[in-house]
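Just so you know, these numbers use all the heavy atoms, side chains as well, and skip hydrogens, waters and symmetry mates.
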Amino acid sequence: MPPPTQTPKPSSSQQSKSLNVIALISGGKDSLYSILHCIRNGHKVVALANLHPPPLPSSSNDPTHTETHTQTGEDDIDSFMYQTIGWNVIPLYEAALGIPLYRAPIVGGAVDAGRVYGDSTSTSASTSNPASGTIGPEEDETESLIPLLNKVKAAHPEANAVCAGAILSTYQRTRIEDVAGRLGLTPLAWLWMYPFLPAPLERGVSGEGDEAGLLADMAAVGCSARIVKVASGALDEGFLWGNVADRSGGLRRRIVKGVRRFAVDLDEDIRGAVLGEGGEYETLAVDGPDFLWKGRIEVGEVGREVRVGEGGVGYLRLEGARVVDKGGGDGDGVRPGDVRRPTILDEEFAGALDRLWTGDGYESDEGVASRAMVKGSWTFTEPIQSVSGGIWTVSNITAPEAGPGAAEQMEAIVKKIKAVLDTRVQDDANPRTTADIVFTTVLLRSMADFSSMNGIYVSLFKKPNPPARATVACGDSLPEGANVMVSMAVDLGPRAQRSGLHVQSRSYWAPANIGPYSQAMSVPQQGTERVVYIAGQIPLEPASMELAESFSAEPSWAETYSLRAVLSLQHMWRIGATMEVGWWLGAVAFFTGTGHIKARAQLAWKLWQDSHDPEDRESDEEESTLDVWDIKYGRRGHEQSRPIARPRIPNFEIVEAEDFKDRVPAFFAVQVHELPKNSDIEWQGLGYRCEGVRLTRTETEFGRTVEATTTENQRYSCIEIDSGADLQTQIQRVSEVYAAQAQSGAFHCVIYSSQPLSQDCCQGQVIPCKSVWGADGRELAAGVIIQNQT
């Protein structure tokens, strides 16, 4: 385990399986720098791919030929999707990098101009035929990637991934992910959210600030990227051909100064603007480390003609560019391992790990109830349904009658889900489909059944934003004969008002969601409030998508478990921050293991409590939620005069509570049979956006109860039912009391139980488990969560 002062960093032993990558390049700094990260992470770039403006009608030159260096089309076109300035230099990258280059013209325009490509709530995406590789002239420009990538795949059948340089652009990232998914390619976006990730350890030595940190990291490995276009009042033509990755940092300081002058106030986050993400400037990469760049691109001064466009735009028309061999010799000494990567943990979570890890001294399991799995004797003949607060829940859907296999049971469950949704249409003016499902819980008997179940589950949903999901295996605690059990939450409001986060690209930010689920779904509630469903998060290193391992030679179970508990909670936190969560209504830490059960529950509680200590959060910086790509290209982004401050979690300004302990949100630690990828912990949380929330922690007739009530009277209650209680009687009593208090008697209920229960007492979703633990790591008979409106 690292000593308390050391922040964990990516381990070289955790390289993912090598991918064969097609690198989408525009000539800009980000797409070329992403190639370095592909190599740094153990992958091989087999081809370059580029889309360029179509040639002018009068031109007879073939701009797709890699030896065409003269400008035959427009100098630059206003593509929503692609950088096109300096496009005539692109053919030189084949010789400069020694990697085959494939090109094709951009066809079409921004037909689907929504931030998320193919979102049914916005303009529909085009319907090209990826098999034929053809697109129509009126279709979206994104579809130009299909024939280009198909051409590359035909020449390089080993290609199985595609990388791009998206940093903050949801617009750009979702389009590349959509195309990659259709062509069976793994999307890579190493720079995604890079400005907001913890700085590489090496940058701390250089002392360069976060605003231009990415540019400093480029400079550290010998990159050279020249400004070829400016389109902001903060930067004028005097910046043209300046090197944003110069080692002295002089130009970067000028850019920061210029951008800051145009900031509305000093609190405005300028990181995206300093990197040119809002179109402030565009670059042309001309050199880099010798392990990639075999030659550098030179453009003489006479070949750089300054041109001025409308609205303060200035750009360079480039002629006579050539590749100059860098020669052999000893090279520059830069190796792939020198490419900087963000450290794994944010500062606050690195601190939480230091405080969590205290060595030995954990409580033994003496006196803890037997860990033996209680075989499920319950059955669910019909799903439990409830409607409250605009959310319709359908719980405990099983199909043991379909046969013993998980796949055949899942097929039957899919039919039942569609039938239930069709039934609801009779009572609802708006038809409901699987597109309205915002969260699912999938319980398996064994994780060995995950692949067969998932292959059927995926048929329920279409991208871009399938529901968030939590998946755990309950072993023999599941109802007898059931190998799969599904519960779901359905949003009854307008689809256009909900939003999702479905990052499928591998990056350093958080684990990619390659499968049929989103990281989060945000759903309107009363007034301006929103509930945010977060998918279950396991401790994968985002870059490798492998389980995080301790750095000690012979780590104890506690060292590894502590690191994983912190990392998976950080994933949940980052997702929540991106979705503008202000407060967690509650969280569940699912964990596995056959020993140290009490200690595992107590460590999870300690971490959860520590994460809500106001003293540890006072210095947190605010981040910007503004998608600067939207400002440049979006339909509504330009109406925003400044970035919106992203609420930090927890936002203590909206909370009313008597003391510190009362301000810790609801928590359960739940021991289950297995978790995905053989993880030993998974965090799943429910976030909320509201103007205020009142928290109380009281002793009731049922046991200790934590309640959060929002300004719009949405209530979330977490009830700890003590061991030794008459569980069925207690749960029935809970249902009676909360039904009487809720509007129309409707409420949502989730029961985590280590004992089988009869169906008539289970008025909600049931998650059967080995053991349940509450605040302070106290063992319970069951934990009950009630959501209603008072």
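Looking at I654 and C690, their side chains come closer than 4.5 Å, going by heavy atoms from C-beta outward. Proximity of F239 to I255: side-chain heavy atoms (C-beta onward) are separated by under 4.5 Å at one or more points. For the pair I25/I90, a side-chain contact is recorded, criterion being any heavy-atom separation below 4.5 Å from C-beta on. When side chains are defined from C-beta on, V503 does not count as touching T174, because their heavy atoms never get closer than 4.5 Å. Taking the side chain as every heavy atom from C-beta outward, N41 and L188 never approach each other to under 4.5 Å. Taking 4.5 Å as the limit, every side-chain heavy atom of V532 sits out of range of all side-chain heavy atoms of L686. A heavy-atom distance below 4.5 Å is not found between the side chains of V21 and V46. Residues Y508 and H37 meet the side-chain proximity criterion, which asks for heavy atoms closer than 4.5 Å.
The backbone N or O of S224 sits nowhere less than 3.5 Å from a side-chain atom of D287 that would complete a donor-acceptor pair. One N or O on the side chain of H43 and one on the backbone of L19 form a donor-acceptor pair closer than 3.5 Å. Not a single donor-acceptor pair under 3.5 Å links the side chain of R173 to the backbone N or O of A164. At distances below 3.5 Å, not a single donor-acceptor pair connects side-chain atoms of S169 with backbone N or O atoms of A166. Here the side chain of Q684 pairs a donor or acceptor atom with the backbone of I534 at under 3.5 angstrom. A distance-only check finds no donor-acceptor pair linking the side chain of T283 to the backbone of G28 [under 3.5 Å]. Side chain of Q570 to main chain of P539: no donor-acceptor pair is present (N/O by atom type, distance under 3.5 Å, no hydrogens or angles). Remark: side-chain polar atoms of R226 are not paired, donor with acceptor, to backbone N or O of G242 under 3.5 angstrom. When atom types are taken as modelled, the side chain of D338 and the backbone of V334 share no donor-acceptor pair closer than 3.5 angstrom. Using modelled atom types, no side-chain atom of K229 and backbone atom of E280 make a donor-acceptor pair closer than 3.5 Å.
P650 approaches W573 most closely through the heavy-atom pair CD-CZ2, 3.9 Å. When all heavy atoms of L197 and W192 are compared, the pair lying nearest together is CD1-O, 4.1 Å. S518 approaches A535 most closely through the heavy-atom pair O-CB, 3.4 Å. Heavy atoms only, all atoms of each residue included: Y194 and P200 are closest at OH-CG, 4.0 Å. Nearest heavy-atom pair across I270 and R260 is CD1-NH2, 3.8 Å. The shortest heavy-atom contact between A468 and A520 is CB-CA, 4.3 Å.
Salt-bridge annotation for R182 and E143: present, with a side-chain N of the basic residue lying under 4.0 Å from a carboxylate O of the acidic one. Using a 4.0 Å cut-off between a side-chain N of Lys or Arg and a carboxylate O of Asp or Glu, R574 and D346 qualify as a salt bridge. A salt bridge between E580 and R689 is present, with a side-chain N of the basic residue lying under 4.0 Å from a carboxylate O of the acidic one. Salt bridge E211/R252: absent, no basic N to carboxylate O contact under 4.0 Å.
Note that CH2 of W293 and CG of L32 are 4.5 Å apart. Values are rounded to the nearest 0.5 Å. Atom CD of E541 is separated from atom NE2 of H571 by 8.5 Å, given to the nearest 0.5 angstrom. The structure places CG of L183 at 12.5 Å from CG of N160, a figure rounded to the nearest 0.5 Å. A distance of 3.5 Å separates OG in S505 from CD in E177, rounded to the nearest 0.5 Å. Distance check, rounded to the nearest 0.5 Å: CD1 of I176 to CD of Q172 gives 4.5 Å. Expressed to the nearest 0.5 Å, how far CG of D491 lies from OG of S522 amounts to 9.5 Å.
With sequence neighbours left out, the salt bridge (Lys or Arg N to Asp or Glu O under 4.0 Å) criterion links R530 to no other residue.
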- Residues Y688, W584; criterion ring pair (Phe, Tyr, Trp, His ring centres under 6.0 Å); working and verdict: CA-CA 6 Å; Y688 215 76; W584 298 114; over 10 Å; no

- Run the numbers on W190 and W509 for ring pair (Phe, Tyr, Trp, His ring centres under 6.0 Å), then give the verdict. CA-CA 8 Å; W190 302 115; W509 171 70; over 10 Å; no

- Message: Walk me through whether H502 and Y517 qualify under ring pair (Phe, Tyr, Trp, His ring centres under 6.0 Å).
- Response: CA-CA 7 Å; H502 190 201; Y517 62 97; 7.3 Å; no

- Message: Does I297 form a side chain to side chain contact (heavy atoms under 4.5 Å, CB included) with V89? I'd like the steps, not just the answer.
- Response: CA-CA 9 Å; I297 295 174; V89 180; 4.0 Å; yes

- Task: Report the C-alpha distance between R103 and N50 in whole Å, list the side-chain angles of each, state the deciding distance to 0.1 Å, and finish with yes or no for side-chain hydrogen bond (donor to acceptor under 3.5 Å, both in side chains).
- Result: CA-CA 5 Å; R103 306 186 75 197; N50 167 257; 3.0 Å; yes

- Under the side chain to side chain contact (heavy atoms under 4.5 Å, CB included) rule, what do N465 and M521 come out as? Steps first, then yes or no, please. CA-CA 8 Å; N465 287 320; M521 291 296 294; 4.2 Å; yes

- Item | Step-by-step side chain to side chain contact (heavy atoms under 4.5 Å, CB included) determination, V244 to L251 | CA-CA 6 Å; V244 297; L251 184 68; 4.2 Å; yes

- Task: Test D217 against R341 for salt bridge (Lys or Arg N to Asp or Glu O under 4.0 Å), laying out the working first.
- Result: CA-CA 9 Å; D217 293 345; R341 297 188 296 186; over 6 Å; no

- Task: Run the numbers on Y33 and V339 for side chain to side chain contact (heavy atoms under 4.5 Å, CB included), then give the verdict.
- Result: CA-CA 9 Å; Y33 189 54; V339 176; 4.2 Å; yes

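Under the 6.0 Å distance and 45° angle rule, R175 counts as a cation-pi partner of Y171.
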